[in-house]
Amino acid sequence: MLLSTVIGLLVPFLSWLHSGSGSADPKKLNFQLRHYHAVSSEAKVVFHNARPSHDLTASHPTEHTLRGKLVKTRRPASQSAFAEARTRSIKFAQSALLDWDEDDVLGPDVESRDTLLELAKMTNNAYLEPGEPGWYELGGNWNVSYPVGWEPDADGFRGHVFATPDNSTVVLSIKGTSAGFVGGGGPTTKKDKFNDNLLFSCCCARVDWSWTTVCDCYRGGWKCEQDCLERSLVEESLFYSIGTNLYYNLTYMYPESNIWIIGHSLGGALASLLGVTFGAPVVAIESPGEKMAAGRLHLPSPREVQHITHVYHTADPIAMGTCNGVLSSCSLGGYAMESRCHLGRSVIYDTVSNFSWSVDIRTHGIVNVIENLLSQPWPPSEEVGREVPEYAVEDDCLECYSWDFGDYPPSSVSTRDVEDL
Ligand SMILES: *[C@@H]1O[C@H](CO)[C@@H](O)[C@H](O)[C@H]1NC(C)=O
Ligand SMILES: *[C@@H]1O[C@H](CO)[C@@H](O)[C@H](O)[C@H]1NC(C)=O
Ligand SMILES: *[C@@H]1O[C@H](CO)[C@@H](O)[C@H](O)[C@H]1NC(C)=O
Ligand SMILES: *[C@@H]1O[C@H](CO)[C@@H](O)[C@H](O)[C@H]1NC(C)=O
C-alpha cells in the first residue's frame with residue numbers, strides 16, 4: 001500500500017524530471033485526423049471532413065502523439081512582399097531582397113525517434129484510402145466518403161489534415177509520388193511524373209536521345225538554356241500553386257493555428273517549398289533534392305532555414321539524387337531524378353554503411369522507412385546517446401555539374417548536336 005503510494009507519487013515526478021524541467025520546451029501533442037484534402041478536376045482544392053470516432057474501445061490508438069520543440073522560423077514579412085520579390089527575380093533577374101521575420105514556434109522534435117516515426121506514418125496515410133492494404137489505422141472508424149469533385153483517376157495531389165484537440169497545431173500531410181516506380185501505380189502517377197521531371201532533373205529530363213523531354217531547353221552537348229528552364233517551371237508548376245492555395249485555404253479554416261507541413265518523396269519536396277514560402281515547420285521524408293527547384297521557381301529564401309528538416313537514408317537513390325543514367329530504375333520508369341541538394345537541415349541515416357543496405361529504389365518507399373528504419377533504435381545514434389542521427393546543413397552540395405546552364409537561344413541548336421549526346 002505504502003509502496004504503491006510512493007510509486008504513485010514518484011512516477012509523475014520522474015516523468016516531469018524526464019521531460020526536462022525548465023529550459024527545454026518539452027511538449028507532447030496529440031493529433032487527430034480532421035480532413036482529407038484533394039484536388040478536384042478543375043484544380044480546386046477540396047476538403048472533406050473526417051468523422052471522429054466515438055468508439056473508445058477501438059484497438060487502434062485514436063491519436064498520433066508526438067513531441068514538439070521550439071524551432072526558429074523565418075517567414076517573409078508579408079506574402080505580398082514575397083510575391084513581389086519573386087516577380088522581380090523572374091522578370092528582371094534581380095536577386096530578391098526581402099525582410100524575414102524571425103520567430104520561435106513549436107515544431108516537431110526532429111531529435112525524437114518516436115516523433116519521426118509518427119510523422120512518417122502520417123505521411124504514409126496520405127497515399128492510401130482507408131482500408132487499402134498498407135493503410136496505417138489512425139484509430140477509430142473513419143467513415144470515408146470522397147470530397148465533392150473527387151475523381152479517383154483525376155490527376156493531382158492529396159493528403160490529410162491533422163489537428164490537436166484545441167486546434168493550436170495543425171499538420172498538413174502531402175502525398176508523394178505515386179507508386180509508379182516502386183511498383184504499383186495510381187491515378188496521380190502521370191501528372192506526378194511530369195512535375196518530378198521538371199523539378200528534379202538537370203535539363204528537362206533528357207536522359208538520352210530516345211526521351212521525350214518535358215520541356216524544350218536542351219541545346220545540344222551538355223548545354224541547357226537557363227531562361228527556358230525557369231520559364232517552363234513557372235508556367236507549368238501547377239503543384240506549387242495548388243500547394244499555396246491549399247495552405248491559404250487551411251489558414252482560412254485555422255487562422256490562429258500553428259501549421260506544420262509534412263510529406264514523403266515529392267510530397268516532402270513540396271512541403272519544403274511551402275515551408276520556405278510561409279515559414280511553417282516542415283519534415284520531409286525521402287524527398288528528392290528540392291534546392292534547385294526552389295531556385296528555378298525563384299522562391300526568395302532566407303539565409304538560414306532551420307525550420308525545414310529532411311529525413312532520408314543513403315540507400316535511397318531518389319533522395320540521394322543518384323536515380324538517373326540510362327539504365328537506372330528511374331529512367332526505366334520514365335523519371336530523371338538528378339537533383340540532390342536539400343534545403344534546411346538533414347537527418348541522414350547511413351543505411352548503406354550501417355545496415356549494409358544496397359542502393360535500391362525499393363528502399364525509397366515510406367513503408368520501408370517506417371518498418372525497417374524508424375520502428376527500431378538506430379544503433380550508431382544510440383551508441384552516442386542519441387535517438388536519431390544528428391542533423392546537418394548540406395553546405396557543400398553540388399548538383400548537375402556536368403551541365404552548362406546559360407543563355408543559349410534555340411537557333412543555336414542543330415539536329416546534329418542533338419543526336420550527338
Ligand atoms: C482556396 O483555394 C482556392 C483554389 O483552390 C482559391 O481560389 C481560394 O481563394 C482559396 N481560399 C482562400 C480563403 O484562400
Ligand atoms: C458510413 O457511411 C455510409 C454511407 O456512406 C452509411 O451507410 C454508414 O451507416 C456510415 N457508417 C457509420 C458508422 O456512420
Ligand atoms: C477546431 O476547428 C474546427 C474546424 O475544423 C472547429 O469545428 C472546432 O470547433 C475547433 N475547435 C476548437 C476547440 O477551437
Ligand atoms: C556506422 O557507419 C559509420 C560510417 O559511416 C561507422 O563509422 C560506424 O562505426 C558505423 N556504426 C555502426 C554501429 O555500424
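Counting starts at 1 for both ligands and their atoms, in listed order.
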Pairs under 3.5 Å, N/O atoms on ligand 3 and on the protein: can you put them in a table with the distances?
residue, atom, partner, partner atom, Å
ligand 3, 2 (O), N167, OD1, 3.4
ligand 3, 2 (O), N167, ND2, 2.3
ligand 3, 5 (O), Y254, OH, 2.8
ligand 3, 11 (N), N167, ND2, 3.0
ligand 3, 14 (O), N167, ND2, 3.2

Q: Using the test side-chain hydrogen bond (donor to acceptor under 3.5 Å, both in side chains), find all partners of T351 that sit at least two apart in sequence or belong to another chain.
A: H313

Q. Who pairs with F82 by ring-ring contact (aromatic ring centres under 6.0 Å, His included), at least two apart in sequence or on another chain?
A. none

Q: Evaluate the pair C203, C217 and indicate whether the two SG atoms are within a distance below 2.5 Å.
A: no

Q) Looking at the rings of F31 and W260, which for Trp means the six-membered one, are their centres under 6.0 Å apart? A) yes

(Q) Once you measure the plane-to-plane angle for H310 and Y312, does it fall in the parallel (<30°), tilted (30-60°) or perpendicular (>60°) bin? (A) perpendicular

Q.
Applying side chain to side chain contact (heavy atoms under 4.5 Å, CB included), can you list everything that pairs with H307, at least two apart in sequence or on another chain?
A. V71, T73, V305

